[in-house]
Amino acid sequence: MPRKFFQKYLPSHEAIRNNRHIARFGALLQHPNLWHLNRHSVAGGVAIGMFSGLVPGPFQMLTAAVLAVPLRVNLPVALATTLYTNPLTIGPLYVIAYWIGTLLVSGDSAPFSHPPGFDWSNLGAWLRALFEWSLSLGKPLAVGLVVLAVGLAIAGYVVVQLAWRVHVILAWRRRKARRAGGDSA
């Protein structure tokens with residue numbers, strides 16, 4: 001991926017090591033893969049972010065951080081990737097998860113009702129209604145969320161791995177073509 005582009009905006013490793021907030025955690029947040037932009041670390045960060053994005057409630061980033069640190073994947077990428085869930089996407093994602101759950105859980109599925117309409121003017125009431133709606137869907141939603149989260153994590157990992165590989169191959173070919181063009185001149 002365009003590593004040089006992102007490296008312009010990311011702090012240096014020395015700046016991270018010397019940051020007083022990060023220094024509080026000692027060596028826990030100092031592993032290089034938590035901050036390096038390499039194919040495996042970024043792909044793992046995307047996978048963790050995709051999985052954590054479906055954690056109910058406001059715990060997505062906390063879950064991403066708790067998983068990223070021991071698995072040693074890119075922490076900022078994991079945190080940023082959780083943002084694919086938001087008030088506009090959470091309803092459709094939960095509907096898809098419920099549908100997946102009904103395919104996997106036999107019998108005791110609750111009747112489907114549409115999610116509550118989003119309302120900026122009364123966000124607290126909407127969040128309560130969304131929570132109650134989620135609970136009313138029961139076991140199919142719970143099973144569907146886990147399956148969808150794992151599926152999105154696998155898909156995110158594979159897509160990043162493939163995209164990174166394609167980018168590297170194309171960069172090699174461009175470099176080879178430049179060298180071949182420079183030799184003939």
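For this chain, numbers begin at 1 and follow the sequence in order.
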Donor-acceptor list for residues 152-163 side chains, cut-off 3.5 Å, not counting sequence neighbours:
from	atom 1	to	atom 2	distance (Å)
Tyr157	OH	Gln161	NE2	3.1
Gln161	OE1	Arg39	NE	3.3
Gln161	NE2	His40	ND1	3.2

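- Contact detail for Thr81 and Val46: the closest heavy-atom pair is CG2-O, 3.6 Å.
- The distance from atom CG of Leu93 to atom CG of Leu88, rounded to the nearest 0.5 Å, is 11.0 Å.
- Under a 4.5 Å side-chain heavy-atom cut-off, the cluster of Ile, Leu, Val, Met, Phe, Trp and Tyr residues that includes Leu170 is completed by Val166.
- Applying the side chain to side chain contact (heavy atoms under 4.5 Å, CB included) criterion to Arg175, with sequence neighbours excluded, gives Trp172, Arg178, Arg179.
- Residues that satisfy the side chain to side chain contact (heavy atoms under 4.5 Å, CB included) test with Ala65, not counting sequence neighbours, are Leu75, Leu79.
- Two residues are said to be in side-chain contact when any heavy atoms from C-beta on lie closer than 4.5 Å; Tyr98 and Val143 fail this criterion.
- The shortest heavy-atom contact between Leu141 and Ala97 is CD1-CB, 4.0 Å.
- Ile90 and Ile96 end up in the same hydrophobic cluster when Ile, Leu, Val, Met, Phe, Trp and Tyr side chains are linked at under 4.5 Å.
- In this structure Gln60 satisfies the side-chain hydrogen bond (donor to acceptor under 3.5 Å, both in side chains) test with no other residue, sequence neighbours excluded.
- Between atom OH of residue Tyr94 and atom CG of residue Leu148 there is a gap of 10.0 Å, rounded to the nearest 0.5 Å.
- Asn74 is not listed as a side-chain neighbour of Leu34, based on a closest heavy-atom distance of 4.5 Å or more.
- Cluster annotation: Leu54 is connected to Val105 through the hydrophobic network of ILVMFWY side chains, with a link wherever side-chain heavy atoms come within less than 4.5 Å.
- At least one side-chain heavy atom of Leu62 sits less than 4.5 Å from a side-chain heavy atom of Val66.
- Hydrophobic clustering (side-chain heavy atoms under 4.5 Å, transitive across Ile, Leu, Val, Met, Phe, Trp, Tyr) groups Leu145 together with Val95.
- Every residue two or more places apart in sequence or in another chain that forms a side chain to side chain contact (heavy atoms under 4.5 Å, CB included) with Ser52 is listed here: Ile48, Thr63, Ala64, Leu67, Thr82.
- Trp35 and Leu71 are assigned to two separate hydrophobic clusters, defined by single-linkage of ILVMFWY side chains at heavy-atom distances under 4.5 Å.
- Taking each heavy atom of Thr85 and Thr89 in turn, the nearest pair found is CA-OG1, 3.2 Å.
- Shown here for Asn33 and Arg72, the closest heavy-atom pair between the two residues is CB-O, 3.2 Å.
- Ile169 CD1 to Trp164 CH2: the interatomic distance, rounded to the nearest 0.5 Å, is 14.0 Å.
- Taken together through direct or relayed side-chain contacts under 4.5 Å among Ile, Leu, Val, Met, Phe, Trp and Tyr, Phe51 and Val77 form parts of separate hydrophobic clusters.
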